[in-house]
Amino acid sequence: MSAAEISVKQILDSIQDDRKIAFNKLHETIVNHLPKGFEAGISYGGLGYVVPHSVYPDGYHCKPTEPLPFAGIASQKNSINFYHMGIYADPELLDWFVAEYPKHCSQKLDMGKSCIRFKKMENIPFELIAELMQKMTVSDWIQKYEELYKTKVEAKTKTKTEAKTKK
């Protein structure tokens with residue numbers, strides 16, 4: 001089955017039994033707290049929470065046929081991973097999350113730039129994730145995305161085009 005044929009339900013149904021309850025609860029928490037305009041769907045073949053093309057026609061600069069990603073979850077080998085582009089793009093939101101995390105979870109925060117790994121299903125801070133999801137609206141995310149990423153990509157493209165025309 002190709003990524004284009006995968007549905008949200010199929011991803012949720014395919015989660016291994018020992019993670020299914022926690023993964024589905026995390027998905028429900030995210031969906032129930034997504035600000036208006038975001039939607040659950042398939043993003044790069046996985047479960048994502050995106051700004052659909054109907055709201056942001058340009059799509060993702062890396063692959064414009066994909067909707068603009070915002071968050072996602074995945075069941076990896078050793079953990080359930082939660083991805084949130086807002087905490088990657090907004091230092092204030094990241095600082096808030098890092099400060100709040102110990103209030104909700106005794107497990108040490110295991111985090112990359114936008115990825116939070118949960119190795120123990122019972123330690124997923126669902127209430128904190130719910131609060132995080134409500135901290136950034138669709139328009140906030142689009143504005144932040146365009147400020148940080150889209151303008152840089154356009155500037156690089158313009159520079160490459162100018163260099164080619166000088167030759």
Side-chain angles (χ1 to χ4, degrees), residues 1-90 93-94 96-97 101 104 110-119 121 123-154 157:
M1 180 180 319
S2 74
E5 297 170 334
I6 296 173
S7 71
V8 171
K9 183 180 180 335
Q10 288 171 313
I11 289 175
L12 294 172
D13 289 346
S14 71
I15 301 301
Q16 57 268 46
D17 289 341
D18 63 328
R19 295 183 182 182
K20 193 175 288 265
I21 291 171
F23 193 91
N24 279 284
K25 184 175 179 180
L26 182 57
H27 169 69
E28 289 171 14
T29 299
I30 294 167
V31 168
N32 290 336
H33 294 89
L34 273 175
K36 184 178 179 180
F38 290 110
E39 64 182 36
I42 304 304
S43 182
Y44 282 88
L47 188 49
Y49 309 93
V50 301
V51 180
H53 283 105
S54 61
V55 174
Y56 190 71
D58 290 355
Y60 189 38
H61 70 273
C62 294
K63 189 175 179 185
T65 58
E66 291 279 336
L68 180 61
F70 178 63
I73 56 176
S75 182
Q76 302 293 341
K77 182 179 178 181
N78 296 313
S79 59
I80 289 179
N81 294 354
F82 169 64
Y83 305 88
H84 192 284
M85 294 303 295
I87 57 177
Y88 177 70
D90 185 342
L93 188 57
L94 172 62
W96 171 84
F97 183 82
Y101 186 85
H104 295 266
D110 182 0
M111 183 174 178
K113 290 183 178 181
S114 73
C115 175
I116 302 150
R117 292 171 284 278
F118 301 110
K119 293 180 179 157
M121 304 309 107
N123 287 335
I124 298 174
F126 296 105
E127 290 177 20
L128 179 61
I129 300 299
E131 196 173 341
L132 173 64
M133 294 310 297
Q134 295 175 328
K135 292 254 180 214
M136 189 172 273
T137 66
V138 168
S139 59
D140 292 339
W141 173 232
I142 291 170
Q143 181 180 354
K144 181 66 72 176
Y145 166 75
E146 287 185 341
E147 284 172 14
L148 295 175
Y149 305 108
K150 192 170 181 189
T151 54
K152 288 180 184 177
V153 170
E154 288 170 350
T157 303

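Bear in mind that the values here come from a model prediction, so they are computed numbers and not experimental data. The first residue in the sequence is number 1, and the count goes up from there.
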task: Please report the C-alpha distance between F97 and L128 in whole Å, then the side-chain angles of each, then the deciding distance to 0.1 Å, and finally whether the side chain to side chain contact (heavy atoms under 4.5 Å, CB included) criterion is met.
output: CA-CA 8 Å; F97 183 82; L128 179 61; 3.5 Å; yes

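Taking both residues in full, the closest heavy atoms of L148 and A89 are given as CD1-O, 3.2 Å, listed atom of the first, atom of the second, then distance. For the pair P69 and M85, the tightest heavy-atom approach, listed with the atom from each and the gap, is O-CG, 4.2 Å. Scanning both residues, H53 and P64, for their nearest heavy atoms gives NE2-O, 2.9 Å. What you find for P67 and P52 is that their closest heavy atoms are CB-CA, 4.1 Å. In terms of heavy atoms, A40 sits closest to V31 at CB-CG2, 4.1 Å.
With sequence neighbours excluded, the residues forming a side chain to side chain contact (heavy atoms under 4.5 Å, CB included) with S79 are Q76, N81, R117, K119, listed by chain and number. With sequence neighbours left out, the side chain to side chain contact (heavy atoms under 4.5 Å, CB included) criterion links Q16 to D18, R19, S75. The ring-ring contact (aromatic ring centres under 6.0 Å, His included) search around F23 returns none, not counting sequence neighbours. Taking D13 as the reference, K9 meet the side-chain hydrogen bond (donor to acceptor under 3.5 Å, both in side chains) condition, with sequence neighbours excluded. The side chain to side chain contact (heavy atoms under 4.5 Å, CB included) search around K135 returns L93, W96, E131, not counting sequence neighbours. Partners of E127 according to the side chain to side chain contact (heavy atoms under 4.5 Å, CB included) rule, which considers only residues two or more places apart in sequence or in another chain, are H104.
For the pair Y145/H61, a side-chain contact is recorded, criterion being any heavy-atom separation below 4.5 Å from C-beta on. Taking 4.5 Å as the limit, every side-chain heavy atom of H27 sits out of range of all side-chain heavy atoms of I11.
Proximity of a side-chain donor or acceptor of H33 to a complementary backbone N or O of L132 within less than 3.5 Å is not detected. Proximity of a side-chain donor or acceptor of D90 to a complementary backbone N or O of G86 within less than 3.5 Å is not detected.
Taking OG1 of T29 as the start and CZ of F82 as the end, the distance is 10.0 Å to the nearest 0.5 Å. Separating the CD1 atom in I42 from the CD atom in Q10 is a distance of 8.0 Å, to the nearest 0.5 Å. Taking CD1 of I116 as the reference point, atom OH of Y83 lies at 10.5 Å (rounded to 0.5 Å). The distance from atom CD1 of I124 to atom CD1 of I80, rounded to the nearest 0.5 Å, is 4.0 Å. Going from atom CG of N78 over to atom CZ of F118 covers 15.0 Å, rounded to the nearest 0.5 Å. Within the model, atoms CD of Q143 and CE of M136 stand 9.5 Å from one another, a figure rounded to the nearest 0.5 Å.
Ring geometry for Y88 versus Y149: interplanar angle under 30°, hence parallel rather than tilted (30 to 60°).
Checked against W141 for a ring pair (Phe, Tyr, Trp, His ring centres under 6.0 Å), the options Y49, F38, F70 give a single hit: F70.
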